[in-house]
Number of protein chains: 4
Amino acid sequence: MSENVAEFPHAEEETQTQNEHQAPKDVGGVGGERLLSFIQRIERLEEEKAALMEDIKEVYAEAKGVGFDVKIIRKVVSLRKQDTDKRREEDELLDLYKAAVGMI
Amino acid sequence: MSENVAEFPHAEEETQTQNEHQAPKDVGGVGGERLLSFIQRIERLEEEKAALMEDIKEVYAEAKGVGFDVKIIRKVVSLRKQDTDKRREEDELLDLYKAAVGMI
Amino acid sequence: MSENVAEFPHAEEETQTQNEHQAPKDVGGVGGERLLSFIQRIERLEEEKAALMEDIKEVYAEAKGVGFDVKIIRKVVSLRKQDTDKRREEDELLDLYKAAVGMI
Amino acid sequence: MSENVAEFPHAEEETQTQNEHQAPKDVGGVGGERLLSFIQRIERLEEEKAALMEDIKEVYAEAKGVGFDVKIIRKVVSLRKQDTDKRREEDELLDLYKAAVGMI
DNA sequence: ACCGTGGTTAGCTTTC
DNA sequence: GAAAGCTAACCACGGT
């Protein structure tokens with residue numbers, strides 16, 4: 001059932017001949033193939049990402065299992081992240097200063 | 001009702017013997033250490049996740065670099081994902097029907 | 001990113017004359033009043049929303065009452081919604097393609 | 001495309017006599033029709049809900065337009081809601097006490 | 001009666 | 001500055 005619409009982009013057509021020197025926006029030539037390749041790379045990465053999110057959930061679950069309060073752990077992680085981010089920003093700012101002053 | 005005032009985490013009551021005069025960072029017996037371990041595992045995974053998100057952005061950027069329209073790619077990816085999800089849900093619905101009807 | 005420490009709300013600087021020794025609840029001149037008005041409009045709408053959610057629950061309950069399986073109904077509703085959304089998005093994708101190709 | 005799968009339905013087994021001249025889409029006796037009716041009522045309500053959410057967003061936008069900080073307004077609304085909820089819970093608790101003590 | 005799960009909503013981030 | 005997509009908190013429900 002269900003007709004997967006969605007792949008409009010389908011490089012199948014093997015429009016062999018005219019695809020040299022194409023401008024971008026190549027819809028049915030080699031472009032389609034290439035586009036599909038990008039899409040698949042993205043999908044692969046997204047799968048990995050989803051798997052990691054799964055793992056993270058599991059760690060929380062495990063922590064919960066031994067009696068920790070998940071909500072609090074989340075908060076702690078978040079706060080630590082804020083610290084990190086802040087430090088990183090400060091470093092960036094410092095670099096900016098250095099650059100402004102010719103130190104780099 | 002309900003007190004979600006954040007009573008601090010407390011792992012199982014294995015708080016037996018050593019909880020007076022603790023070293024810093026060990027609030028509830030061995031709990032602190034254990035908690036830290038969970039937190040670090042989570043942070044590690046989140047780093048990996050961030051890296052993947054970075055990678056994904058790069059793929060989009062690369063696609064853009066060779067002339068594709070990022071917005072369109074995003075849409076296509078999204079629609080393909082919807083297909084997948086929908087199929088999965090339809091299967092679930094089918095299972096639901098079966099269960100409702102005693103076929104399982 | 002920035003300090004979300006909550007500098008308190010402040011409407012446009014029309015805080016001209018009367019802002020010393022204000023009554024409570026009026027922090028920035030006429031701003032407080034105006035702010036309150038926004039807040040109340042929002043709260044009113046949220047109440048209506050909550051009422052609707054209540055109604056929806058009741059319909060599910062009623063359906064359950066005559067023997068339907070709520071879980072299945074939810075799934076069906078969800079799938080029908082996905083259809084709608086998907087169709088809409090496909091149209092958007094089509095527009096996107098057209099635009100990309102100069103047809104609009 | 002796609003024909004919403006879905007109505008497999010079976011309301012109570014009152015499938016006896018009355019299924020003459022059914023409308024299309026009536027798979028399991030009068031059940032399908034009834035189910036559809038429920039579904040449509042739900043969908044109608046959900047539309048209204050979506051409209052309200054739209055309205056709320058507009059109010060926020062308007063507030064922003066005159067210089068208020070949306071994030072802060074959200075926070076205020078949320079805090080006020082917590083107050084309300086808390087008060088409601090306290091009232092319920094009070095009722096409980098009263099009941100327990102025969103005051104009602 | 002509690003826990004776990006899934007779905008929903010709101011808030012944040014990033015994009016255009 | 002607005003709009004969208006993504007993520008994380010919340011809540012209600014069903015299962016054990």
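Predicted model only: the values in this text are computed from it and were never measured.
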#### Entry: Atom-to-atom span, CD1 of B/Ile56 to P of E/dT13 - whole angstrom
18 Å

### Query
More 5' along DNA chain F: C/Lys71 or D/Lys81, using each one's nearest nucleotide?
D/Lys81

### Query
When rounded to the nearest 0.5 angstrom, what is the spacing between CG in B/Leu79 and CG in B/Asp83?
7.0 Å

## Note on the structure
Note: chain B reaches DNA chain F at heavy-atom distances under 4.0 Å over the stretch, first to last nt, 5' to 3', of F/dG5 to F/dA8

### Task
List for me each residue that meets side chain to side chain donor-acceptor pair (under 3.5 Å) alongside C/Gln40, sequence neighbours excluded, and say none if there are none.
none

### Residue pairs passing the ring-ring contact (aromatic ring centres under 6.0 Å, His included) test where at least one lies in residues 33-65 of chain A, sequence neighbours excluded
A/Phe38-B/Phe68

### Message
Using every non-hydrogen atom in the two residues, find where C/Glu46 and D/Ile56 come nearest and quote the distance to one decimal.
### Response
OE2-CD1, 3.6 Å

### Pair A/Glu90 + A/Lys86: basic N to acidic O under 4.0 Å
no

## Note on the structure
Taken to the nearest whole Å, CD/D/Gln82 to P/E/dA10 is 14 Å

### Message
Is any side-chain heavy atom of A/Ile73 closer than 4.5 Å to one of B/Ile42?
### Response
yes

### Query
For residues 48-66 of chain D, which residue pairs qualify under salt bridge (charged side-chain N to carboxylate O under 4.0 Å, His left out), counting only residues two or more places apart or in two chains?
C/Arg41-D/Glu62, D/Arg44-D/Glu48

Please list, pair by pair, any protein nitrogen or oxygen found under 3.5 Å from a nitrogen or oxygen in nucleotides 2-8 of chain E.
unit_1	atom_1	unit_2	atom_2	d
E/dG7	OP1	C/Lys75	NZ	3.2

### Query
Looking at residues at least two apart in the chain, or sitting in another chain, which of them share a salt bridge (charged side-chain N to carboxylate O under 4.0 Å, His left out) with D/Asp85?
D/Lys81, D/Arg88

### Task
In whole angstrom, give the distance that lies between atom CD of B/Glu54 and atom P of E/dT13.
15 Å

